[in-house]
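Residue numbers begin at 1 in each chain, while the letters A, B, ... track the order of the sequences. Keep in mind that what you see is a predicted model, and the values were worked out from it rather than measured.
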Amino acid sequence: MDKVGIVGYYYMKMSPDLIYGRYNLIFETVRGALDSVNLKKKDITTVISATNDYYDGRTISNAYCVEPAGAYLADESKAEMDGAFAAQYGLMRILSGNHKLAVVWGGSTPSCYPYDSAQLYQTDPTFERPIALVNNITAGGFQMRAYMEKYGVSAEDIAKVAVKNRKNAAKNPLANPEAQNANITVDDVLKSDILSDPVTELMYAAPCDGLAAILLAPEKQALKITDEPVWIKGVGSNQDPYYLGDRDLSECKSMEMAAKMAFDGAGITAKDVDFAEIFEQYAHEELILAEAIGLAEKGKANELNSEINGDIPINPSGGAIAGHAPFATGLMRIIEAVKQLQGKADGYQVKDPKVAIATGQIGFCAQNNILYVLEKGGN
Amino acid sequence: MSKKMEYDRKEYDVTRTMPGNWYLSSYKFRYSLDHLQPWFKKLKEKKLVGTQCRSCNTVFFPPRLVCGYCLVKPDLWVDVRETAQVATFNITYEKNPQTGEVVEKPVVCVRHDGTDTAFLAQLSPEINFRETYVGMPLKVKWRDEPEGNIGDLEYYEPLEDEAKDLRKEE
């Protein structure tokens, strides 16, 4: 694969309720990404949006974002999935050889719509919607129970992940203030409100407002733009069956396949990874996905030392629990990985990383997964 | 490398909210149930059947139109037992919008013996759901007068778990 670099990025501080309108937010995000490397509108050749008509409250919602996203008289397309999938689309556009700079932006503002009710419409209309109380959170409950019972992992082990991520979030200045808590304990997590037993409120990455944007460029162009590009060495995506009952929820087959594809493409193994930015909707998903990627054996991810200065840091930025802005979270994982590789993560910097992975997901219980292998470029 | 953003980033004090509705109730989607008709017919006779994929032998219960593994139509009808196991479960909290009363309710995924897929179902109200566990054996409780729809599987009753004491010894 030809080298494609991530040359610029921007995401604004997340918040449970941003007072800006969406138009302003998109402009600020895309302009911020361009300004991070001193580029202009005329440098943009292609734009990929990651939004959802249902969440935006209008059909073909990217049509409305032409001007603020820098897509005016440029070619534009939309991925109605997590931002990390849109980045794959942008990557393919760059690899086609027709484009010199791709802007990939994604995000939404859940303060404006009922996020969890909207998720109900993902369920099957014949078997799931009429019978039982199912939405994304109930599905998370299924997944956590299946994982706990299969491997004998306790709720405390899972609460520890939430504690670690919320403490890391406190060091991340861009995290959702509601998620930041430097003094949180395992007890706080276990005793917070139960959303769907065994999932408690603090184990859940609550949706918040936020947008993110990254800039992609082919090798030659990337080196002209910046001295410290981060190269995309490998990417893999895969998906599980739609029906929850068809899957073994205690593991994540699609992430295994996606990781294998990405690692094969990059010519590395999971052992070469210096740190991971994993998009976890719930605390237990971080463990399941880490096992699927191969960072730990099945059922043993809770024994990893995944603190910022640990053996294999996972989510030094706090992960999705630090702020889950639907459709931007996957892009934020990529951006946080890039920040770490460039040594710009003030306060939560991992020591001297060279190779990182960043993941994105969408769907119930991490149905669709994507994984990027990123490598430090420049000197 | 990066330069500071120059444009004004002061807060917008006044934003407007616009009410909007997405008229989902006006949608008339077509969802084919043709492949389920033999299943419904058998449900009315208090019998359970599933479909098996001739390519990978996966038994689907409830029947599916397409086998995702092989991309073929699983069209071999097979007999399915009334006994099942809890595949996974959680406990949800249902709030009555009128009274505000909150009811705890278990939501379970059950997998019928001899099938490969699980689906969502209700547990018997007599089960103390705090004692539910993954692998718990269950049996179908039929509706008294089946009507030939999924509601005929009213709920699932517990069965004696003959191996439970053996597992505890481990």
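Side-chain contact annotation: B/Trp142 with B/Glu82, donor-acceptor N/O pair under 3.5 Å present. Side-chain contact annotation: A/Asp240 with A/Ser254, donor-acceptor N/O pair under 3.5 Å present. With 3.5 Å as the limit, one finds a donor-acceptor pair spanning the side chains of B/Asp113 and B/Thr83.
Annotation: maximal heavy-atom pairing with chain B below 4.5 Å, among A/Lys150, A/Arg58, A/Gln143, A/Met148, occurs at A/Arg58. The greatest number of non-hydrogen atom pairs below 4.5 Å with chain A, out of B/Thr92, B/Val108, B/Asp116, B/Asn149, is found for B/Thr92. Chain A forms the most heavy-atom pairs under 4.5 Å with one residue out of B/Tyr133, B/Tyr69, B/Tyr93, B/Phe60, and that residue is B/Tyr93. Comparing B/Pro62, B/Ala87, B/Gly151 by heavy-atom pairs within less than 4.5 Å of chain A, the highest count is held by B/Pro62. Ranked by heavy-atom pairs shorter than 4.5 Å toward chain B, the options A/Arg247, A/Glu149, A/Met144 are led by A/Glu149.
Classification of the A/Tyr64-A/Tyr23 ring pair by plane angle, with boundaries at 30° and 60°, yields tilted. Note on ring orientation: taking the six-membered ring where Trp is involved, the planes of A/Tyr115 and A/Tyr113 are tilted (angle from 30° to 60°). Ring geometry, B/Tyr156 versus B/His112: the interplanar angle exceeds 60°, so the pair is classed perpendicular (tilted spans 30 to 60°).
A side-chain contact (heavy atoms from CB on, under 4.5 Å) with A/Leu215 is found for one member of A/Val30, A/Thr226, A/Val103, A/Ile225 and no other, namely A/Val103.
With a threshold of 4.5 angstrom between heavy atoms, A/Asp53 approaches chain B through its backbone and through its side chain. There is no contact between B/Val110 and chain A, counting heavy-atom distances below 4.5 Å. Interface remark: A/Tyr54 contributes backbone and side-chain atoms alike to the contact with chain B (heavy atom separation under 4.5 Å). Contacts of A/Asp248 with chain B are absent, with no heavy-atom separation under 4.5 Å from either backbone or side chain. For A/Phe142, the parts lying near chain B are the backbone and the side chain together; criterion is any non-hydrogen pair under 4.5 Å. For A/Leu249, the part sitting under 4.5 Å from any heavy atom of chain B is the side chain, from C-beta outward, and nothing else.
Annotation: side chain to side chain contact (heavy atoms under 4.5 Å, CB included) contacts of A/Asn368 (sequence neighbours excluded): A/Met81, A/Phe85, A/Gln239, A/Ile362.
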